[in-house]
Amino acid sequence: MKDFVKKLIDQHKFATYQLRRIEECIDSGNALKGVSNGAVSLDEYAAIKYQDKVLKDYVSVLELRLQYNNVIVTEDGDYFEKV
């Protein structure tokens, strides 16, 4: 496997992990609770939502690049090179 493809996999793993963390924060309602009690500004909440969108796009682009380089990403987070 080429070095740049290994780096794409590392980037995908990290971005996917970050995306899960952001989505857990949003889905838990903690960010909205923070807005309602004044601990999180509305601007910060909007930034969290925007980060979620950007990370989703970034993960999609990484997956597309991996696909172009014959790498299969499973739902379990495993990576396989097509032969």
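Here the closest heavy-atom approach between residue Cys25 and residue Ser28 is recorded as O-OG, 2.9 Å. When all heavy atoms of Leu55 and Ala15 are compared, the pair lying nearest together is CD2-O, 4.2 Å.
No donor-acceptor pair under 3.5 Å is formed between the side chain of Asp52 and the backbone N or O of Ile48. No donor-acceptor distance shorter than 3.5 angstrom exists from the side chain of Thr16 to the backbone of Lys13, with no hydrogens or angles considered.
Between Lys6 and Ile9, every side-chain heavy-atom pair lies at or beyond the 4.5 Å cut-off. Counting only heavy atoms from C-beta outward, the side chains of Tyr58 and Leu19 never approach each other to under 4.5 Å. With contacts defined as side-chain heavy-atom distances shorter than 4.5 Å, the pair Glu23/Lys56 qualifies.
Of the inter-residue distances, the one linking Ile22 atom CD1 with Gln51 atom CD reads 3.5 Å to the nearest 0.5 angstrom. The OG atom of Ser60 lies 14.0 Å from the CZ atom of Arg65; values are rounded to the nearest 0.5 Å. Atom CZ in Phe14 sits 12.0 Å away from atom CG in Leu62 (nearest 0.5 Å). Taken to the nearest 0.5 Å, the NZ atom of Lys82 stands 5.0 Å off from the CD1 atom of Ile72.
Residue Val40 is tested with Asn30, Val35, Leu32 for a side chain to side chain contact (heavy atoms under 4.5 Å, CB included); the sole match is Val35.
Here Lys7 does not pair with Asp3 in a salt bridge; the nearest charged N to carboxylate O distance is not below 4.0 Å.
Phe80 and Val71 sit in two unconnected hydrophobic clusters of ILVMFWY residues. Membership requires side-chain heavy atoms under 4.5 Å apart, directly or through other members. By the rule that hydrophobic residues join a cluster once side-chain heavy atoms approach within less than 4.5 Å of another member, Val5 and Val73 end up as members of one cluster. Hydrophobic clustering of Ile, Leu, Val, Met, Phe, Trp and Tyr side chains at less than 4.5 Å, counting indirect connections, unites Met1 with Leu8. At a threshold of 4.5 Å between side-chain heavy atoms, the hydrophobic network of Ile, Leu, Val, Met, Phe, Trp and Tyr places Tyr79 and Phe4 in one connected group.
When only modelled atom types and interatomic distance are considered, Thr74 and Asp76 share no side-chain donor-acceptor pair under 3.5 Å.
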